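Reviewing the structure listed below.
The structure presented is a predicted model; accordingly, all values stated were derived computationally and were not measured. Reckoned from all heavy atoms, side chains included, excluding hydrogens, waters and symmetry mates.
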Amino acid sequence: MLKSRACAALTAPMLLLLSILLPGASCAPPAPWIWKAPAPVTPLAEERTAAAAVEAAVSTAGCPYAALFFATTLLGIRSKAAFTPVVQLAYKQSLQRVAPGATFIPLAIGPQDTGQVVQTMAIFPGRFSPSLDAAQALAAKLRAGNLNTVFDERRFGRTHVEVLSQPFLADGSGKVLSGLPGSQPAGMITVVWYDKAPAQVTPALRAEYVAAIKALVPGAAVAYATHTVDGDWSGEAGGGSHYAALKLAMDTVITQADPTKLAAALETIRKQPGQVWPVWKFGQLHSSDGYGVRWLPRPGFASPCDVRTTLQLSGVVAGSFAFDAKARATYLSALRATLPDGTNTTLVSLTRVPHGWQVVTNTIYPDDQQASTLAFARKLLPSKDPLGRAAMGLNRPVFLTEATVTTGNRSAKVFANHVMLLDAHNTGATTGRATAADFPDKGFAQYEFQVRQVGCPSCPARVFRSNTPGADLSGLSSGALYNVTVVGITTNKARVAGYNWIAFRTQAVLVRLVRAAAATAACGNTALVTAGGFVGGVASPGAIFKYKFAARVISCSSCPVARAESLNGTATLASLQFGAQYNTTVEGTTKAGKVIPGSNWLLFKTVPAVRVSSTRALTSTRGTASASQTPAGAFARFRWFLRNVTGCACPSACCIAAETTRPSASFLKLRPNTTYAVTVTGVDSSGKAWPGCAGMTLKTIAESFAATPPVLPPPRPPSPPLPEPSSPPPTPPLPPSPLPPNASPPPLVLLDKAPPPSPMPLPPSPPAPSPSPPPPSPSPPPPSPSPPLQAPPPPLPSPPPPSPAPSPLPPPVFENGGPTPACTCGWVARFDVGFVSVGGADLVSTLGYTCSSGETHPDPAAASINLSKNDTTVAVGAGR
């Protein structure tokens, strides 16, 4: 702080005098840190020695090439030990991607910032003029920065250029060539502004920078190019660290001076920069190792080696393998055996490319052989085996794609395109995929794949064209072997046959039955079958065009075969035998017409069948029916059903059912002159019921009725009453009958008499109106000429009061001496009765009845009975 105030009190003349008397004195602001020269670098002798050995072995030893020196800081490489041979190879390959064709030689390595700095020499072989252009292009790329896109930051860390020279003359080992005609010495050094940001280095300050160098080397010419330097700047004395601090670097070239003076000036700039650029004015300027005196080509420089003919060949070795030292030696040996005697061939570069390795070689002829070498290249490049068959081993073909023949200022290029199949495989039963590779990449406008079926000379070849080196193959036959070739078509329609062919077999199509099941409905004599086409175990609906099914009865060669066809894999087999076991097979036909037998078979069994085969009416109330079953003995029991054709459906109260163990049945108590529908159901041994296939009708015989009074049926023991929600009050007992024990029952029933017992209790009838009692007779009536049938019964007491109506039940009606359902559908809901005078007493006679369905039935026996003289007809309801 005191120093700053003292300097502030000095005038400008005093400051000038102070700077002259005390060169080290300065009133400039203190530096953020004290600069410290980096540690010296360690030479990488192995790379340099190998390059020198290669240079000594070729005939171009001593030929000048354009060279470029630069030093890169790799912050991710913490020590020299971390810069292993593998890392060195990755380092050179990263640079070769920026400058293909150049040779990179790591010269030395040393600590820089928090990483390592690698000094590198780039050599550009070949004719000097093109190599000089390539060197200048690389210098421009390095000077532009953004090297993190060139070097993998995961391996090398952040990377930037420390030192960068101008292109100069060197031999193949990186040794600087001096004194060649057309060249001049130049001192090259990179100086960095450490105290100023790039924007603070103004044009005026740069001009003073150049003037200071000219003052150091009188008469010299000074040129410079700039690039920025970033990285980790480690300071001392508590200066701290500045990350990613951009600094301006001046890549300076000093010419038009004696090499000795240039070397001395570079030493001063390197070790005492403050004497050249005062710190108080310029701040701290420092340089790194990598400076030196090198020789620049003047305009019009001609290399003495350019009068020789050189042949640069670029080829690709296809395949995925490690191109090691043995592979390199094999390649060079095969190439040298192909070239004329007296030539010298060296490896220029080796780069990994898609589908192989790109190899660039340089061959130098002893003299001018431009014409013959050009003719040789035009013959060599189109060859499928330019270095001999399997020169690099099986499945490693060599393709030469470009040749450059140069002699002096004369140069000519030859190009060749090559294509080879990489793969051909099936993607299904009728499809496949073929892939090719072209050399160089994208060398053809169109690709033509030809597919031929092996073992079928009459089968035409299928051609597939594509704008890319890959095509989908379709329309092939399943399970067939094919050979695939490829042809490349250039933009000018030139056709180049492929290097190889590949065979593949399409997947076989399997036709397999998926389901075969007989119909389960009654009388079903059909079966549903389903099949499918399978490719590689996966269902492929489009693999089969048509399916043909066949079903044969097992153990019956004479039985007819059921057949069916389908386009969708599902069909119905008809006209099958009942209860038979069938073996089902299938075959498929592809769209190409190839028939493929099925790979499996399935069994199914048709259902048994039973049907009414005959019916017969024996009497007006009896009948029989027989059934047929297929196969014989298929059923253990038979369930029979009779239904009046005009009534309701079975099962119901109006349907007669019976069960037998034989295929026949007898039916009793039918209605006369009535048509019944007879059906049967078969029950197999497992208890499963199979409805009959067909039924028949049975019509009972008509019965004639005599005109006699109705005869009541004899009494039967009463059936137990059905449970009711609430029991009605009991009916009063009837008085004892006055008839003798053996007397016949009266033909008519008195109104107030209870009806005879029945199998099922009848609902009580509502009370009928009591008739008027007859007038008392003063004397007994005279005897009749004919004895009466029976004595008139004594008068009955008045009927009891009506009881509550029970819940309705369908009562049976007794006809023809036995219980028979009187209603076709429903039950008897009402009896119609009338009165007839017998022996001076009014008796009740039934006239007919009405069913719950509305159906009415007259009583034929009542047709001949004369009603009482007063013609009184009373309807008494029975039931409801």
Side-chain angles (χ1 to χ4, degrees), residues 518-527 553-556 558-560 575-582 604-703 716 719 759 812 814-822 824-825:
T520 57
C523 305
N525 61 344
T526 62
V553 180
I554 295 179
S555 303
C556 181
S558 61
C559 296
S575 302
L576 304 178
Q577 297 182 16
F578 291 105
Q581 191 172 24
Y582 280 86
F604 69 88
K605 189 174 182 179
T606 55
V607 299
V610 61
R611 66 183 68 217
V612 179
S613 58
S614 64
T615 60
R616 180 183 178 188
L618 302 178
T619 66
S620 61
T621 60
R622 294 178 55 199
T624 62
S626 299
S628 63
Q629 55 179 329
T630 307
F635 302 101
R637 290 174 295 158
F638 301 87
R639 293 174 184 169
W640 302 84
F641 299 94
L642 275 76
R643 176 180 61 84
N644 191 322
V645 295
T646 60
C648 54
C650 293
S652 67
C654 62
C655 183
I656 299 176
E659 185 170 307
T660 64
T661 58
R662 301 179 61 183
S664 61
S666 298
F667 305 101
L668 306 176
K669 301 178 183 178
L670 306 180
R671 290 176 56 85
N673 196 29
T674 302
T675 301
Y676 292 90
V678 183
T679 59
V680 66
T681 295
V683 181
D684 59 20
S685 57
S686 65
K688 184 176 181 180
W690 300 86
C693 294
M696 298 183 69
T697 59
L698 171 65
K699 186 174 182 179
T700 56
I701 301 173
E703 183 177 9
R716 295 181 59 184
S719 300
F814 296 89
E815 291 184 356
N816 301 327
T820 303
T824 305
C825 226

Just so I know, are the side chains of T624 and T615 near enough to count as touching, which here means a heavy-atom distance under 4.5 Å? no
Under 4.5 Å between any side-chain heavy atoms of T660 and F638, yes or no? yes
For R611, is the CZ atom crowded, meaning more than 12 foreign heavy atoms sit under 6.0 Å from it? yes
With a 4.5 Å cut-off on side-chain heavy atoms, are F641 and T681 touching? yes
Within-4.5 Å side-chain heavy-atom neighbours: T697 and Y676: no
Under 4.5 Å between any side-chain heavy atoms of L698 and L642, yes or no? yes
Which distance, rounded to the nearest 0.5 Å, do you find between the CZ of R616 and the OG of S664? 13.0 Å
Pairwise side-chain contact, I554 with Y582, heavy-atom cut-off 4.5 Å (strictly under): no
Does some side-chain heavy atom of Q629 sit less than 4.5 Å from a side-chain heavy atom of P608? no
Of all heavy-atom pairs between Q577 and P560, which one has the smallest distance, and what is that distance? NE2-CD, 4.2 Å
Closest approach of G682 to V610 (non-hydrogen atoms, all atoms of both residues): N-CG1, 3.6 Å
CA sep, side-chain torsions, deciding dist, call: V683, R639, side chain to side chain contact (heavy atoms under 4.5 Å, CB included): CA-CA 8 Å; V683 181; R639 293 174 184 169; 3.7 Å; yes
Rounded to the nearest 0.5 Å, the CG atom of L618 sits from the CG atom of L670 at a distance of 9.5 Å
For the backbone of D684 and the side chain of S686, can you confirm whether one donor and one acceptor N or O come within less than 3.5 Å of each other? no
So K699 and N673, side chain to side chain contact (heavy atoms under 4.5 Å, CB included) or not? Walk me through it. CA-CA 6 Å; K699 186 174 182 179; N673 196 29; 3.3 Å; yes
I want to check something: taking the side chain as every heavy atom from C-beta on, are S626 and P663 in contact at a cut-off of under 4.5 Å? no
Can you name the closest pair of heavy atoms from V678 and A625 and give their distance? CG1-CB, 4.0 Å
Side chain of T700, backbone of T621: donor and acceptor closer than 3.5 Å? no
Test F667 against W640 for side chain to side chain contact (heavy atoms under 4.5 Å, CB included), laying out the working first. CA-CA 10 Å; F667 305 101; W640 302 84; 3.9 Å; yes
The single option from N525, T630, L576 passing side chain to side chain contact (heavy atoms under 4.5 Å, CB included) against T606: L576
Interatomic spacing from OG in S613 to CE in M696 - rounded to 0.5 Å: 7.5 Å
Closest contact, heavy atoms only, A609 versus F635: O-CE1, 3.5 Å
R637: partners by salt bridge (charged side-chain N to carboxylate O under 4.0 Å, His left out), with sequence neighbours left out: E659
